[in-house]
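Here is how names work: the chains are called A, B, and so on, in the same order as the sequence lines, proteins then strands, and each is numbered from 1. Atoms considered below: every heavy atom in the structure, side chains included; atoms not considered: hydrogens, waters and symmetry mates.
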Amino acid sequence: MADTNKQIAAIFDQMADVLQILDANRFRIIAMQKASRVIKELPNDVSTMSHKDLLALDGVGKGTADKIVEFCETGQIVEHKELLKEIPKGLPALLDIPGLGAKTVALLWNEANIVSIKSLEKALKKPETLTSIKGLGQKKIEAIAKNLSFIEQAGKRYTLGRAHLKAVYFVAQMRQLPEVAQAAFAGSLRRGRDTVGDIDILVAADPKHSAKITKHFVSLEPVKETIVSGKTKTSVRTKGGIQIDLRIISPDAYGAALMYFTGSKEHNVRLRERALSMGMSLSEYALTNKKTEKVIASETEADVYKALGLDFIPPELREDRGEISAAEAHKLPKLVTDRDIHAELHAHTHASDGLLSIRELAGLAYDRGFHTIAVTDHSKSQVQAHGLDESRLEQHIIDVHAVRDEMTGKINVLAGAEVDILSDGKLDYSNSLLKHLDIVVASPHVALAQTGSTATKRIIKAINNPYVHIIGHPTGRLLMRREGMSPDMSEIIKAAVERGIALEINANHHRLDLRDTHARAAIEAGCLLAINTDTHRPNDFNELQYGILTARRAWAEPKNIVNCFTEAKLQKWLKSCRP
DNA sequence: GCCGTTTTCGGCCCGACTGTTTTCAGTCG
Ligand SMILES: Nc1nc2c(ncn2[C@H]2C[C@H](O)[C@@H](COP(=O)(O)OP(=O)(O)OP(=O)(O)O)O2)c(=O)[nH]1
Ligand SMILES: [Mg+2]
Ligand SMILES: [Mg+2]
Ligand SMILES: [Zn+2]
């Protein structure tokens, strides 16, 4: 996402917050939030788009398009500035307190002159003044006081890898109970999002066992406290601070419930609207006939999609990004799976910062059934990673060739490098050296805070080096830790398509770079992708699953992914990139 | 504010849990 997109999306989110507190029409607010989401997910810079292009976006109408153009031309949106004047500056921050919504914030502001977190804290010292307000009782005020301490946690997200491990534990624990017929994780985790806000767990069981199952859940070792708990749903906070939502549903509604709980919200809403337009109604319990209220489908997800006139939509696609119309037209992609991957093209050895020897690395790749493994250690600028200078690289190539010869007939071992893309787009090795490598992954590691336009030029320059095959982790982001660069991804993709080289989806769960939306834009433009684990340690090959999920979210088919090529096709492609 | 093989106006998903409510509003999933 380009810098401008980020700024405009933030403005729309801010406007939505203010409008909520001012009790504006809720559909107007939803529309504004949707516009923000659409702009955030866009691969290209909105400032390069015409008014007409903007209008073509789903969820962007005249009002939004005008505002975007206004921002691009003047650097601000007057309506935004006007709205900000309507309420105290510190007020929207109160919305981050769990359980506190716009209605209560407005009440606190109007009835108790609360204008910020600070003034709320002060007012809570004499709660009588607050509990006397109509609509606020002692319990609500106590809850606000308690939840103030979770304001930091609000909106916090976790890496897919970390959440996945936790979810597997909770699902296994729930399956321990004989009353539990089925248990699975759902939500953004099942959809394979790069980060998740919580862990959503669905359990199928006879409702009469609900109390026992709930008790078991809240008694599990990592659970610190219960947030809400009823007959069908319970939310807890773990000692680590992550929220776990449990939903209990009877086995005959498992399909409908899994669909609901997998989401996304936007996908659910679309499906429910579609059901209505077909004379049906969809909830987490069933798809029913609107008139007779008779159940049409509920047992499996496939049943429900079918009854809605849709092909089965894989969870990774359920984001309201066109999957429903594609499913209606039988045009969903045949998504890549881990079984389609036959090569690892980005891996390190102890020559730089890996923990494996060349021989161990090749052995692990062979065990996975791969036909090709590329040895791509760091280049000389990566001093902290023991990057190889020219003479060490020359020796390294010889060492790799020795293992290649040992492994002949088993696996193809490529001598390569992960060459650093320096801040100006030049590469860390000379072309005369690069041309002796079988494969070159070029990646940015430093100067990742540079502006979007500088980053765009930098990456394009690397793409246009005639010896490069793959751009590794193109933005350099580290999830929850580092934003990475924000180049205009459409420009990067265009350059990669012209050269016929691949952009990487780095599968490491801290990176997942390219991200899903950018990878999807790449595929739509006919750009090749690579899914690489960037292996440093023996277990790193297991990161592949996260890269696959990201690729599936990008609607990737095997033909889009160079790691899915046959050995011959891969060799041909590697050659085709070179002069 | 957006949108249209029923619509250019009048809709916009549906349900669980909590608190303050004697019948529902607010918040969240
Ligand atoms: N129909 C409907 N379903 C919703 C709504 N909000 C949430 N859901 C469903 C779809 C979500 O994927 C699922 C779990 O809710 P979460 O708030 O945990 O969202 P999700 O896991 O998608 O994202 P997250 O990473 O947790 O922020 O519940 C809603 O407003 N309407
Ligand atoms: Mg979730
Ligand atoms: Mg949840
Ligand atoms: Zn690497």
ask   = Of Ile141(A) and Thr104(A), whose nearest nucleotide on DNA chain B comes first from the 5' end?
value = Ile141(A)
request  = Can you tell me the distance, in whole Å, between the CD atom of Glu284(A) and the P atom of dG29(B)?
outcome  = 14 Å
Rounded P spacing from dG1(B) to dT5(B) in Å = 23 Å
key: Base partner of dT8(B), which must satisfy Watson-Crick or wobble distances under 3.5 Å   = none
inquiry  = I'd like the C1' distance from dG4(B) over to dG19(B), given in whole Å.
reply    = 41 Å
ask   = Using a cut-off of 4.0 Å on non-hydrogen atoms, how would the nucleic acid contact of Asp245(A) be classed: base, sugar-phosphate, or nothing?
value = sugar-phosphate
message = Would you measure the distance from the P atom in dT20(B) across to the matching atom in dA25(B) and give it in whole Å?
response = 16 Å
ask   = What does Ile29(A) touch in the nucleic acid at a heavy-atom separation under 4.0 angstrom: a base, only the sugar-phosphate, or nothing?
value = nothing
task = Would you classify Asn25(A) as touching base, sugar-phosphate or nothing, given that sugar-phosphate means primed atoms plus P, OP1 and OP2, and contacts are heavy atoms under 4.0 Å?
result = base
inquiry  = Using only atom types and a distance under 3.5 Å, with no angle test, would you say the side chain of Asn5(A) pairs donor to acceptor with the backbone of Lys40(A)?
reply    = no
request  = Nearest whole angstrom, please: distance from the P of dA25(B) to the NZ of Lys140(A).
outcome  = 12 Å
request  = For the side chain of Lys233(A), starting at C-beta, report the closest nucleotide among dC17(B), dC14(B), dC12(B).
outcome  = dC17(B)
key: Phosphate-side-chain proximity, Thr64(A) and dC2(B), N/O vs OP1/OP2 below 4.0 Å   = yes
message = Taking any heavy-atom pair under 4.0 Å as a contact, classify Leu276(A): base, sugar-phosphate, or nothing.
response = sugar-phosphate
key: N/O (side chain, Arg272(A)) to phosphate O (OP1/OP2, dC13(B)) under 4.0 Å   = no
key: Gap between atoms CZ and C1', on Phe27(A) and dG11(B) respectively (whole Å)   = 8 Å
request  = Report the residue from Arg162(A), Arg477(A), Arg157(A) that forms a salt bridge (Lys or Arg N to Asp or Glu O under 4.0 Å) with Asp194(A).
outcome  = Arg477(A)
task = Please determine, by modelled atom types, if Lys294(A) and Thr288(A) share a side-chain donor-acceptor pair under 3.5 angstrom.
result = no
request  = For Lys265(A), answer base if it contacts any base atom (sugar-phosphate contacts may also be present), sugar-phosphate if it contacts only those atoms, and nothing otherwise; contact means non-hydrogen atoms under 4.0 Å.
outcome  = base
task = Nearest whole angstrom, please: distance from the P of dT27(B) to the CG of Asp17(A).
result = 13 Å
query = Separation of Arg26(A) atom CZ from dG1(B) atom P, in whole Å?
reply = 16 Å
query = If you measure from NZ on Lys62(A) to CG on Leu54(A), what distance do you get to the nearest 0.5 Å?
reply = 12.5 Å
key: Distance between C1' atoms of dG11(B) and dT23(B) (Å, rounded)   = 27 Å
message = Set out, in order, the CA-CA distance, both residues' side-chain angles and the distance that settles ring pair (Phe, Tyr, Trp, His ring centres under 6.0 Å) for His80(A) and Phe71(A), then state yes or no.
response = CA-CA 10 Å; His80(A) 170 236; Phe71(A) 182 85; 8.8 Å; no
task = Provide the distance between the two C1' atoms, one in dC12(B) and one in dT7(B), to the nearest whole Å.
result = 13 Å
query = To the nearest Å, how far apart are Leu107(A) CG and dT20(B) P?
reply = 12 Å
query = Taking the nucleotide of DNA chain B with the closest heavy atom to each, which residue, Tyr260(A) or Ser281(A), is nearer the 5' end?
reply = Ser281(A)
message = From CG of Asp23(A) over to P of dA25(B), roughly how many Å is that when rounded to an integer?
response = 13 Å
request  = Describe the nucleic acid contact of Glu79(A) in one word from base, sugar-phosphate, nothing, applying a heavy-atom distance below 4.0 Å.
outcome  = sugar-phosphate
remark   = The reported gap from CG in Leu202(A) to CE in Met259(A) (rounded to nearest 0.5 angstrom) is 13.0 Å
request  = Have a look at Leu271(A) and say if it touches a base, only the backbone sugar-phosphate, or nothing, with a 4.0 Å heavy-atom cut-off.
outcome  = nothing
request  = May I ask you to say what Glu266(A) touches in the nucleic acid, namely base, sugar-phosphate or nothing, with a heavy-atom cut-off under 4.0 Å?
outcome  = nothing
key: Interatomic distance at C1', dT21(B) relative to dG26(B), whole Å   = 12 Å
query = Which pair of non-hydrogen atoms, one from Ser229(A) and one from Thr234(A), has the smallest distance, and what is that distance?
reply = OG-OG1, 3.0 Å
task = State, to 0.1 Å, how close Asp58(A) and Arg270(A) come at their nearest heavy-atom pair, and which atoms those are.
result = OD2-NH2, 2.7 Å
ask   = Just to confirm, is there a sub-4.0 Å distance from OP1 or OP2 of dC28(B) to any side-chain nitrogen or oxygen of Gln243(A)?
value = no
task = Using atom NZ of Lys134(A) as one end and atom C1' of dG19(B) as the other, report the distance to the nearest whole Å.
result = 13 Å
ask   = Base, sugar-phosphate, or nothing for Ser235(A), non-hydrogen atoms under 4.0 angstrom?
value = nothing
request  = Ignoring backbone atoms, establish whether Tyr285(A) has a side-chain N or O less than 4.0 Å from OP1 or OP2 of dC13(B).
outcome  = no
query = So what does Ala275(A) touch, heavy atoms closer than 4.0 Å: a base, only the sugar-phosphate, or nothing?
reply = nothing
task = Could you please name the option among dC13(B), dG26(B), dC17(B) that lies closest to any side-chain atom of Lys231(A)?
result = dC17(B)
message = Using a 4.0 Å heavy-atom cut-off, does Gln33(A) contact any base of the nucleic acid, only the sugar-phosphate backbone, or nothing at all?
response = nothing
